[in-house]
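Just so you know, ligand 1 is whichever comes first in the structure, and atom 1 is the first atom listed for that ligand.
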Amino acid sequence: MEKREELYRGKAKTVYLTDDSDKLVLYFRNDTSAFDGEKIEQLDRKGEVNNKFNHFIMTKLEEAGIATQLESLISDTESVVKKLDMIPVECVVRNVAAGSLVRRLGVEEGKLLDPPLFEFFLKNDALHDPMVNDYHIESFGWATKAQVARMKELTFAVNDVLKALFDQGGMILVDYKLEFGVDSDGNIILGDEFTPDGCRLWDKATRNKMDKDRFRQGLGSVVETYIEVADRLGLKL
Ligand code: ADP
Ligand code: UDP
């Protein structure tokens, strides 16, 4: 596997083409961003921690029968993944009220959401990732009705697997964001990443925040806390 030219530089990762047209390299940088890229800082070891954490979680999801982009870890900060044609929406599931839901609807942070909520957001920093629904996605041709249904089904399947996994580590999976893409055979596959940058995790006993809210809210010990999350799941970083 040979790394070739840069395809795309996002806020936290750089994507490279490879000599295999079906595979990409994801390079996890130390860059950490919040508020649609308005706040950006480099945090020591964050790239390595997120690369290894993502590989660990994607492996768990594969073991549970969920199709992911997962191929292999090739260095501390890089993974090979399947090249996907990404669908430009974020799929969010919420088990507990927090973040933009609390700001939008004025509900109390920490309210249990039963059944869990599902929301779509358009990936567009300039527009601050507006919330969209199934009809926007189909009308604008971002995905078909069947693909929308599949993304929802897979996002909830991930919830079942990861809620239980984090619970065993004494954590509550409050909410998370997933991105899906289409592979060369037309299948919907989980892409991008699952790390504490893209979910909310609270300690079950103290309700301490163990995710990127530590960075958003200036609480400190960001990477150290991500390492503790990994440690509680049995991953030594
Ligand atoms: P952003 O684009 O939101 O700033 P990142 O810095 O994480 O985010 O950049 C990673 C980019 O790579 C994202 O645009 C994501 O949609 C894309 N991507 C992630 N996984 C894959 C994949 N398997 N195939 C193609 N593109 C991917
Ligand atoms: N999220 C993300 N990327 C985004 C927007 C949200 O990873 O561009 C994650 C976020 O970390 C949280 C969940 O999706 O776990 C729900 O985010 P929310 O809508 O509450 O927005 P926020 O308050 O994080 O802006």
Side-chain angles (χ1 to χ4, degrees), residues 6-18 20-40 46-47 50-51 54 58 67-71 77-105 107 109 113 116-132 142 155 158-159 162 166 172-184 187-202 209-217 222 226:
E6 182 179 310
L7 177 65
Y8 175 76
R9 185 183 162 90
K11 294 185 293 298
K13 302 193 286 302
T14 309
V15 183
Y16 295 91
L17 294 171
T18 70
D20 180 337
S21 62
D22 282 333
K23 304 220 165 71
L24 296 174
V25 168
L26 293 186
Y27 164 48
F28 289 72
R29 306 195 310 272
N30 285 340
D31 294 325
T32 310
S33 78
F35 315 122
D36 302 316
E38 270 172 38
K39 176 175 177 177
I40 299 183
K46 221 260 315 201
N50 274 9
N51 182 42
N54 178 59
M58 293 268 173
T68 77
Q69 63 182 2
L70 185 75
E71 289 284 330
T77 52
E78 296 163 303
S79 288
V80 175
V81 298
K82 291 184 187 72
K83 184 177 188 209
L84 304 174
D85 190 4
M86 297 304 287
I87 296 173
V89 296
E90 301 184 334
C91 300
V92 170
V93 160
R94 301 178 186 275
N95 295 304
V96 176
S100 72
L101 178 76
V102 167
R103 296 194 294 275
R104 193 175 349 113
L105 298 183
V107 293
E109 184 181 75
L113 302 169
L117 286 182
F118 184 99
E119 296 171 341
F120 281 120
F121 295 91
L122 177 65
K123 257 184 85 80
N124 185 321
D125 283 336
L127 298 178
H128 305 292
D129 293 354
M131 193 168 154
V132 293
W142 299 322
T155 304
V158 167
N159 200 34
L162 296 188
F166 287 112
I172 301 167
L173 178 59
V174 170
D175 58 28
Y176 57 91
K177 179 269 300 181
L178 301 180
E179 292 180 30
F180 292 91
V182 184
D183 71 6
S184 47
N187 300 307
I188 294 281
I189 308 284
L190 177 61
D192 202 45
E193 66 176 77
F194 190 103
T195 67
D197 271 0
C199 68
R200 288 193 169 89
L201 298 166
W202 293 352
K209 297 181 198 299
M210 305 187 74
D211 54 69
K212 199 160 83 171
D213 272 349
R214 300 200 69 80
F215 175 72
R216 293 188 187 96
Q217 298 175 10
V222 179
Y226 289 15

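- Asn51 and Thr77 are not linked by any side-chain donor-acceptor pair at a separation below 3.5 angstrom, with hydrogens and angles left out of the test.
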message = Apply side-chain contact (heavy atoms from CB on, under 4.5 Å) to residues Ile188 and Val182 and explain how you reach the verdict.
response = CA-CA 5 Å; Ile188 294 281; Val182 184; 4.1 Å; yes
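- For ligand 2, residues of the protein lying within 4.0 angstrom by heavy-atom distance are Glu90, Val92, Arg94, Ala98, Gly99, Ser100, Arg103, Phe121, Asp129, Asp175, Tyr176, Lys177, Asp197, Gly198, Cys199, Arg200, Arg216.
- Atom NZ of Lys83 sits in a sparse spot, with 12 or fewer heavy atoms from other residues, nucleotides or ligands closer than 6.0 Å.
- At a threshold of 4.0 Å, the pair Asp175-Arg200 counts as salt-bridged, since one of the basic side-chain nitrogens sits closer than that to a carboxylate oxygen.
- Shown here are the side-chain contact (heavy atoms from CB on, under 4.5 Å) partners of Asn124, two or more places apart in sequence or in another chain: Leu122, Ala126, Leu127.
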key: Derivation of the side-chain contact (heavy atoms from CB on, under 4.5 Å) call for Arg104 and Met131   = CA-CA 11 Å; Arg104 193 175 349 113; Met131 193 168 154; 3.4 Å; yes
Can you list every pair where an N/O of ligand 1 is under 3.5 Å from an N/O on the protein?
unit_1	atom_1	unit_2	atom_2	d
ligand 1	2 (O)	Tyr8	OH	2.9
ligand 1	3 (O)	Lys11	NZ	3.2
ligand 1	3 (O)	Lys123	NZ	2.8
ligand 1	4 (O)	Lys11	N	2.7
ligand 1	4 (O)	Lys11	NZ	3.0
ligand 1	6 (O)	Lys11	N	2.8
ligand 1	6 (O)	Ala12	N	2.7
ligand 1	6 (O)	Lys13	N	2.8
ligand 1	7 (O)	Lys13	NZ	2.5
ligand 1	16 (O)	Glu179	OE1	2.9
ligand 1	20 (N)	Gln69	OE1	3.3
ligand 1	20 (N)	Asp192	N	3.1
ligand 1	23 (N)	Gln69	OE1	2.8
ligand 1	23 (N)	Lys82	O	2.9
ligand 1	24 (N)	Leu84	N	3.0

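- Side-chain N or O atoms of Asn54 include one that pairs as donor or acceptor with a backbone N or O of Phe194 at under 3.5 Å.
- Applying the salt bridge (Lys or Arg N to Asp or Glu O under 4.0 Å) definition to pairs two or more places apart or across chains, those involving residues 6-15 are Arg9-Asp31, Lys11-Asp125, Lys13-Asp192, Lys13-Glu193.
- Put simply, the residue from Thr32, Asn30, Asp197 that forms a side chain to side chain donor-acceptor pair (under 3.5 Å) with Asn50 is Asp197.
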